[in-house]
Protein chains: 2
Amino acid sequence: MEIACFIEAADRHCQQQGVKLTALRRQVLELVLSYPGVVKAYQVLADLQKQRGIAAPPTVYRALDFLVAAGLLHKVDALNGYIVCHHVGCSHEGLILVCGDCGRVEELDATPVLDVLRQQAGAAGFAISQQNLMLTGRCKECAV
Amino acid sequence: MEIACFIEAADRHCQQQGVKLTALRRQVLELVLSYPGVVKAYQVLADLQKQRGIAAPPTVYRALDFLVAAGLLHKVDALNGYIVCHHVGCSHEGLILVCGDCGRVEELDATPVLDVLRQQAGAAGFAISQQNLMLTGRCKECAV
DNA sequence: AACGAGCTTGTTATAAAGTAACATTTGAGA
DNA sequence: TCTCAAATGTTACTTTATAACAAGCTCGTT
């Protein structure tokens, strides 16, 4: 099962960073993992409520925020949702493509391109962030 | 005054596209233009209410949606806001950098980089959109 | 002018997304 | 065991966004 494997990697990743993947956070991570693409916070909340009877928005948002900060999830602003980061241990930099229609996600290795962009941005007084770099588009299935 | 000039350009742009820059839409565009950076829908709504007494959310959202569709504004998902597009008539492709802290915005000419990215994305079954390409980061002032 | 089709705007109500503030629990170290 | 800090629970609320239907406007046709 892929999920278990990912959770294990996540666990190690958190230990390395000196942060704690608590039971709740793990549970939320598993819920997000159980979806093929983008998930919304309130969807996770509903799932969590099914599993433990009751849960309030802050519970989910805090866990999601933690997981994003830890680099285990990405926030997809364009869709108000979250996706799993499939390059947790990787050294190269990812650029995430999100289908604005269906929420499908693809992560490119964009290290070379980003090097160029960083330089351009630097000249304009900007530092492009290390995380959560994302562009929107349309996937093959949703193409007109 | 720069605003008047921009509005004129916007007018021409809309005529070319066969869409109408109505009084309301123009008014909303002017309000967005009056801000240096990112503006939020409800901020525009408040301004609009000051100017015309009453206005409801759909009024503003519809105008903003129109302006985005027409290419006159960009939506900044990361901040739930909108900015003016400073390259309305331009042929080259812009890539927008948004400071996640202060909302400052910079538009790069990223045509060459985007050519490369399009190819990579195409190989992965994705078509990167023509509009609203945006990355987040930190501007000089907000840098740690 | 009168009409109607289609776009634009007004209006009401409500849904969806996110957070502030404080109470309570838990767990690791003194 | 005690204590502090981090994590979670809880309540209430704010902010953001949209659905659904009514009314108005514009423009071409008769």
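Numbers restart at 1 for each chain; the letters A, B, ... are given by sequence-line order, proteins then strands.
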**Student:** Do A:Arg62 and D:dG9 have a side chain to base donor-acceptor pair shorter than 3.5 Å?
**Tutor:** yes
**Student:** Run through B:Val32, B:Leu73, B:Leu31 and flag the one making a side chain to side chain contact (heavy atoms under 4.5 Å, CB included) with B:Val39.
**Tutor:**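 Going through the options one by one, the only one that passes is B:Val32.
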**Student:** Provide, to the nearest angstrom, the distance between the NZ atom belonging to A:Lys40 and the P atom belonging to D:dT18.
**Tutor:** 9 Å
**Student:** Examine D:dC27: is either OP1 or OP2 under 4.0 Å from a nitrogen or oxygen in the side chain of B:Lys20? Give yes or no.
**Tutor:**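 For D:dC27, neither OP1 nor OP2 has a side-chain N or O of B:Lys20 closer than 4.0 Å.
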**Student:** What is the separation between atom CG on A:Asp65 and atom P on D:dA6, rounded to the nearest whole Å?
**Tutor:**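 The answer, rounded to whole Å, is 17 Å.
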**Student:** Output the rounded distance in Å from OH (A:Tyr61) to P (D:dG9).
**Tutor:** 17 Å
**Student:** Mind checking if B:Thr22 touches a base, just sugar-phosphate, or nothing, with heavy atoms under 4.0 Å?
**Tutor:** sugar-phosphate
**Student:** Roughly, in whole Å, what's the span from CG in B:Leu45 to C1' in D:dT15?
**Tutor:** 12 Å
**Student:** With a 4.5 Å heavy-atom cut-off, do A:Glu106 and A:Cys99 have their side chains touching?
**Tutor:**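 SC-SC contact between A:Glu106 and A:Cys99 ruled out.
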**Student:** With a 4.0 Å limit, can you tell me whether B:Asn80 has a side-chain N or O closer than that to the phosphate oxygens OP1/OP2 of D:dT15?
**Tutor:** no
**Student:** For a quick test of reading the model: is some side-chain N or O of B:Thr59 closer than 4.0 Å to OP1 or OP2 of C:dG10?
**Tutor:** yes
**Student:** Could you check whether the side chain of A:Tyr42 and the base of C:dA15 have a donor-acceptor pair of N or O atoms closer than 3.5 Å, going by distance alone?
**Tutor:** no
**Student:** Membership question, hydrophobic clusters at under 4.5 Å side-chain separation (ILVMFWY): are B:Tyr35 and B:Tyr61 in the same one?
**Tutor:** yes
**Student:** For DNA chain C, whose closest nucleotide is more 5', that of B:Val19 or that of B:Ala56?
**Tutor:** B:Val19
**Student:** What is the distance, to the nearest angstrom, from the CZ atom on A:Arg25 to the P atom on D:dA6?
**Tutor:**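 Checked: the CZ to P distance equals 11 Å.
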**Student:** Which is it for A:Ile7 and A:Arg26 under the side chain to side chain contact (heavy atoms under 4.5 Å, CB included) test, yes or no, and what are the steps along the way?
**Tutor:** CA-CA 7 Å; A:Ile7 294 285; A:Arg26 180 191 320 257; 3.6 Å; yes
**Student:** Using atom CG of B:Leu79 as one end and atom P of C:dA17 as the other, report the distance to the nearest whole Å.
**Tutor:**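 After rounding, the reported distance stands at 18 Å.
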**Student:** Assess whether atom CD of B:Gln119 is packed by more than 12 heavy atoms of other residues, nucleotides or ligands within 6.0 Å.
**Tutor:** no
**Student:** From CG of A:Leu24 over to P of C:dG27, roughly how many Å is that when rounded to an integer?
**Tutor:**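 Interatomic distance, CG of A:Leu24 to P of C:dG27: 13 Å.
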**Student:** Nearest whole Å is fine: how far is C:dG10 C1' from B:Gln49 CD?
**Tutor:**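 So the CD-C1' distance, B:Gln49 to C:dG10, works out to 13 Å.
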**Student:** If you only use heavy atoms from C-beta on, which nucleotide in C:dG18, D:dG9, C:dG10 is closest to the side chain of A:Pro57?
**Tutor:**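 The nucleotide sitting nearest to the side chain is C:dG18.
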